[in-house]
Asks: 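Structure provided below as structure tokens; questions to follow.
Computed from a predicted model, the values in this text were never measured in an experiment.
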Amino acid sequence: MASTYSGPVTPDTRVRILSTEIIHAKNTQTPLERIPLTACDLRLILVRTIQNGLLFRNPTDHHPISRQAFIENLKSAFSKALALHHPFAGRLTADEHPDGSATVYIDCNDAGCPFLHAVADGITVDEALNQPFPVPPAPVLWSFFPSNDVKNYHGFIRPLMSIQITELVDGVFIGWTINHAVADGTTHWNFHRIWSSICRGSGDHSPPVFTRDSSLEAIKKKIRVPWSRIRDFNEDNLVIPPLKEGTFHFSKKKIAELKAKGTAELSGSRQISSLQILIAHLWRAVIRSRADPDPESETRFGIQVGFRGRFEPNKFPAHYFGNAIGGRTVTMKVKDLVAEGSLGRVAAEVNRVVAETTDEKLREAVEDWIESPDMRGLGEFTEGALMLSGSPRFDAYGTDFGWGKAVAVRSGWANKCDGKVTVFPGPETGSMGFEICLSPECFDRLRMDSEFMAAVTE
């Protein structure tokens with residue numbers, strides 16, 4: 001079964017909040033400071049937060065500790081991790097200028113992060129997963145995430161990060177909500193890697209890099225954006241059309257089979273990645289699921305390109321704190337996308353767009369954005385387009401709090417819309433999972449698409 005929803009999260013009455021505490025950065029050696037948001041940050045300030053979480057089987061089976069000791073260990077380690085990532089404990093602030101523009105910063109004032117402890121009465125891990133196949137998040141899962149009402153633009157008065165620990169009958173879910181205007185997926189997964197390593201007593205605490213010192217000169221600029229666009233923006237009452245969401249898993253073997261098929265169609269003329277072939281496979285199936293699309297119309301798939309490791313000679317560091325991603329769009333005509341034997345060509349087109357995203361093109365895109373800031377909310381994105389977030393490179397299943405590997409990684413309801421796709425690494429090496437949001441009719445047709453489902457691992 002898939003999850004169906006049409007608007008803001010209604011808390012499940014079986015999930016009870018036992019306590020809420022504001023956690024501060026413990027013994028931080030970094031002086032209070034303000035960090036200016038970059039173009040990569042500001043373009044996301046009107047969209048919604050990052051909500052991810054990890055589901056574990058009961059950690060007390062092999063490590064019997066009291067509930068209170070279990071929670072206190074998580075809190076203590078969280079505070080220590082915050083000391084290394086102190087901007088998360090701050091709030092947004094802005095310097096307004098006489099011309100109506102503003103420069104937005106993270107005020108590293110250690111206002112703190114909410115840490116919620118909850119219990120899900122009578123709910124098991126299997127119910128949270130809503131098995132049997134497919135394995136979508138059950139509606140109750142969204143109550144395992146904190147701050148469901150917070151948007152990025154609320155960061156001037158609301159926390160930039162919130163944590164919720166939810167105890168299930170036979171497991172635990174660790175969910176978090178992070179302001180996407182201050183951090184991307186790489187930043188927040190690095191944080192959780194360090195938090196979990198502190199829980200295990202490990203010394204793997206590589207700190208993030210806060211300086212904006214890169215060969216991408218634009219990243220150093222204190223940008224002015226139209227203040228009224230942020231100050232007056234409000235999507236609190238945005239109505240989300242009915243959607244269905246489900247998670248589809250692709251094994252390493254199935255991915256290899258798709259790559260072999262796509263490569264054969266190209267006569268071996270182009271190397272395509274595992275992610276690119278899965279994007280092509282999914283994109284073609286989604287367009288087939290939509291009712292009678294115009295063959296001559298164009299369809300778009302939005303992807304993200306990372307900045308880390310780019311811009312010689314002073315590259316973006318791997319542990320850069322903030323957003324270091326830029327959007328790219330792959331565009332094809334419907335008739336070319338769904339044509340017989342087009343899997344390889346679609347993957348090759350995704351590959352081409354990525355390959356042509358040179359450092360120079362990224363520089364130009366950032367400079368152009370600074371000249372004409374384009375800040376959009378969730379309701380202002382192109383209707384009908386598909387958008388990819390997440391990455392199979394995030395070491396989600398390597399985030400070990402001392403209880404072993406998670407049984408699932410899931411996202412919350414933030415930024416859910418028709419065509420939203422989130423990719424995670426799968427639990428087995430080389431596998432991937434895709435969370436897919438579509439209109440109920442399209443989702444049901446996708447589930448019935450034999451070509452698409454043949455590559456899905458049950």
Side-chain angles (χ1 to χ4, degrees), residues 134 246-306 327-358 361 382 384-393 419-426 428-436 438 442-443 445-458:
T247 300
F248 299 84
H249 295 285
F250 300 88
S251 69
K252 183 178 180 179
K253 179 182 177 183
K254 291 290 187 180
I255 296 170
E257 291 173 358
L258 284 175
K259 286 180 70 174
K261 179 182 178 182
T263 302
E265 292 174 356
L266 294 169
S267 302
S269 59
R270 182 75 65 89
Q271 292 294 319
I272 49 181
S273 72
S274 296
L275 180 57
Q276 289 163 1
I277 199 68
L278 285 180
I279 288 173
H281 182 63
L282 170 62
W283 193 5
R284 296 178 73 241
V286 169
I287 297 306
R288 289 196 300 265
S289 77
R290 291 180 171 165
D292 300 320
D294 178 1
E296 296 297 329
S297 65
E298 290 187 334
T299 176
R300 295 173 176 81
F301 202 118
I303 58 176
Q304 301 292 328
V305 177
R328 299 290 289 168
T329 302
V330 188
T331 304
M332 294 188 70
K333 283 193 173 183
V334 167
K335 65 179 183 181
D336 297 328
L337 188 83
V338 300
E340 187 72 24
S342 66
L343 176 67
R345 292 199 305 274
V346 176
E349 184 62 15
V350 177
N351 176 278
R352 183 190 65 80
V353 170
V354 173
E356 292 181 358
T357 306
T358 62
K361 282 192 176 181
T382 304
L386 280 77
M387 297 181 292
L388 182 72
S389 66
S391 171
R393 296 180 180 178
K420 178 65 164 37
V421 180
T422 305
V423 59
F424 295 113
E428 296 83 28
T429 301
S431 64
M432 295 188 209
F434 279 68
E435 279 186 354
I436 303 171
L438 296 169
C442 288
F443 186 90
R445 284 194 285 267
L446 181 71
R447 286 283 318 280
M448 297 299 292
D449 187 313
S450 58
E451 181 180 342
F452 174 73
M453 294 300 295
V456 174
T457 305
E458 297 193 26

Asks: Are Met387 and Val421 side-chain neighbours, meaning at least one heavy-atom pair lies under 4.5 Å?
Replies: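 No. Closest side-chain heavy atoms not under 4.5 Å.
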Asks: Strictly by side chain to side chain donor-acceptor pair (under 3.5 Å), give each pair with a member in residues 336-347 just once, sequence neighbours left out.
Replies: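 Qualifying pairs, neighbours excluded: Arg284-Ser342.
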Asks: Residues two or more places apart in sequence or in another chain: which of them pass salt bridge (charged side-chain N to carboxylate O under 4.0 Å, His left out) with Arg328?
Replies: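 With sequence neighbours excluded, Arg328 shows a salt bridge (charged side-chain N to carboxylate O under 4.0 Å, His left out) to no residue whatsoever.
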Asks: Residues in salt bridge (charged side-chain N to carboxylate O under 4.0 Å, His left out) with Lys253, at least two apart?
Replies: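 Here no residue qualifies.
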Asks: Going by salt bridge (charged side-chain N to carboxylate O under 4.0 Å, His left out), name the residues that satisfy it together with Glu428, two or more places apart in sequence or in a different chain.
Replies: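 With sequence neighbours excluded, Glu428 shows a salt bridge (charged side-chain N to carboxylate O under 4.0 Å, His left out) to no residue whatsoever.
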Asks: Roughly how far, to the nearest 0.5 Å, is CZ of Arg290 from CG of Leu446?
Replies: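 Answer for the CG-CZ pair, Leu446 versus Arg290, is 10.5 Å.
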Asks: From Leu275 CG over to Asn351 CG, what is the distance, rounded to the nearest 0.5 angstrom?
Replies: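 Here the rounded value is 11.0 Å.
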Asks: Is there a side-chain contact between Arg300 and Val330, using heavy atoms and a 4.5 Å cut-off?
Replies: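 In short, these two side chains do not touch, never coming nearer than 4.5 Å.
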Asks: Who passes side chain to side chain contact (heavy atoms under 4.5 Å, CB included) against Lys420, sequence neighbours left out?
Replies: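 For Lys420, the residues satisfying side chain to side chain contact (heavy atoms under 4.5 Å, CB included) (neighbours in sequence not counted) are Ser389, Asn415, Cys417, Thr422, Cys437.
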Asks: Ignoring hydrogens, what is the shortest heavy-atom contact between Ile287 and Thr299? Give both atom names and the distance.
Replies: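 Looking at all heavy atoms of both residues, the closest pair is CD1-OG1, 3.3 Å.
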Asks: Counting C-beta onward and ignoring hydrogens, is there a side-chain heavy-atom pair between Phe452 and Phe248 closer than 4.5 Å?
Replies: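 In contact.
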Asks: Using a 3.5 Å distance criterion without hydrogens, assess whether the side chain of Ser297 forms a donor-acceptor pair with backbone atoms of Pro293.
Replies: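 No; zero donor-acceptor contacts below 3.5 Å.
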Asks: Is any side-chain heavy atom of His249 closer than 4.5 Å to one of Val456?
Replies: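 Sidechains of His249 and Val456: no contact.
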Asks: Check whether any side-chain heavy atom of Lys261 lies under 4.5 Å from a side-chain heavy atom of Glu257, and answer yes or no.
Replies: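 No, too far: nothing below the 4.5 Å cut-off.
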Asks: Could you report the tightest heavy-atom contact between Ala347 and Ala280, atom names first, then the distance?
Replies: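 Closest approach of Ala347 to Ala280: N-CB, 3.5 Å.
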Asks: I need the Ile279 CD1 to Leu386 CG distance, nearest 0.5 Å.
Replies: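 Atom-to-atom, Ile279:CD1 and Leu386:CG are 10.0 Å apart.
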Asks: Hey, is the main chain of Gly262 close enough, under 3.5 Å, to the side chain of Glu265 for a donor-acceptor pair?
Replies: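 No, because the side chain of Glu265 does not come within donor-acceptor range (under 3.5 Å) of the backbone of Gly262.
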Asks: Atom CD1 of Ile277 and atom CG of Leu282: how far apart are they, to the nearest 0.5 Å?
Replies: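 If I round to the nearest 0.5 Å, the distance is 12.0 Å.
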Asks: Is any side-chain heavy atom of Asp449 closer than 4.5 Å to a side-chain heavy atom of Arg288?
Replies: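 Yes; the side chains approach each other to less than 4.5 Å.
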Asks: Under the side-chain contact (heavy atoms from CB on, under 4.5 Å) rule, what do Met332 and Glu349 come out as? Steps first, then yes or no, please.
Replies: CA-CA 8 Å; Met332 294 188 70; Glu349 184 62 15; 4.0 Å; yes
Asks: In chain order, what residues pass the side chain to side chain contact (heavy atoms under 4.5 Å, CB included) check against Thr358, with sequence neighbours excluded?
Replies: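 Testing Thr358 for side chain to side chain contact (heavy atoms under 4.5 Å, CB included), a comparison that skips the adjacent residues, returns Glu360, Lys361.
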Asks: Please enumerate all residues that pass side chain to side chain contact (heavy atoms under 4.5 Å, CB included) together with Arg393, with sequence neighbours excluded.
Replies: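 So Arg393 forms a side chain to side chain contact (heavy atoms under 4.5 Å, CB included) with Ser391.
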Asks: How long is the straight-line distance from CD1 of Ile272 back to CG of Leu266, given to the nearest 0.5 Å?
Replies: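 Separation between the atoms: 5.5 Å.
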Asks: Taking the side chain as everything from C-beta on, heavy atoms only, tell me whether Met432 gets closer than 4.5 Å to Ile255.
Replies: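 Yes. Closest side-chain heavy atoms under 4.5 Å.
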Asks: With sequence neighbours excluded, tell me which residues meet ring pair (Phe, Tyr, Trp, His ring centres under 6.0 Å) with Phe301.
Replies: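 Partners of Phe301 under the ring pair (Phe, Tyr, Trp, His ring centres under 6.0 Å) test: Trp283.
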Asks: Hey, what do you get for CG (Leu438) to CZ (Arg447), rounding to the nearest 0.5 Å?
Replies: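 Rounded to the nearest 0.5 Å, the CG-CZ separation comes out at 12.0 Å.
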Asks: Please check this pair: side chain of Thr457 against backbone of Ser251, looking for a donor-acceptor N/O pair closer than 3.5 Å.
Replies: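 Yes, the answer is positive, given that a donor and an acceptor are paired below the 3.5 Å cut-off.
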Asks: Using the test side chain to side chain contact (heavy atoms under 4.5 Å, CB included), find all partners of Ala455 that sit at least two apart in sequence or belong to another chain.
Replies: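 Here the qualifying residues are Phe250, Leu258, His281.
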Asks: So, do Phe424 and Thr247 sit near enough that their side-chain heavy atoms are less than 4.5 Å apart?
Replies: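 Side-chain contact under 4.5 Å: no.
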Asks: Measure from the side-chain N and O atoms of Lys259 to the backbone N and O of Leu278, and report whether any donor-acceptor pair falls under 3.5 Å.
Replies: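 Pair absent, no side-chain N/O of Lys259 close to backbone of Leu278.
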Asks: List the residues meeting salt bridge (charged side-chain N to carboxylate O under 4.0 Å, His left out) with Lys252, not counting sequence neighbours, and say none if there are none.
Replies: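 Result, salt bridge (charged side-chain N to carboxylate O under 4.0 Å, His left out) vs Lys252: none returned.
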Asks: How would you list, by chain and number, every residue that makes a side chain to side chain donor-acceptor pair (under 3.5 Å) with Lys335, sequence neighbours excluded?
Replies: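 Partners of Lys335 under the side chain to side chain donor-acceptor pair (under 3.5 Å) test: Glu296.
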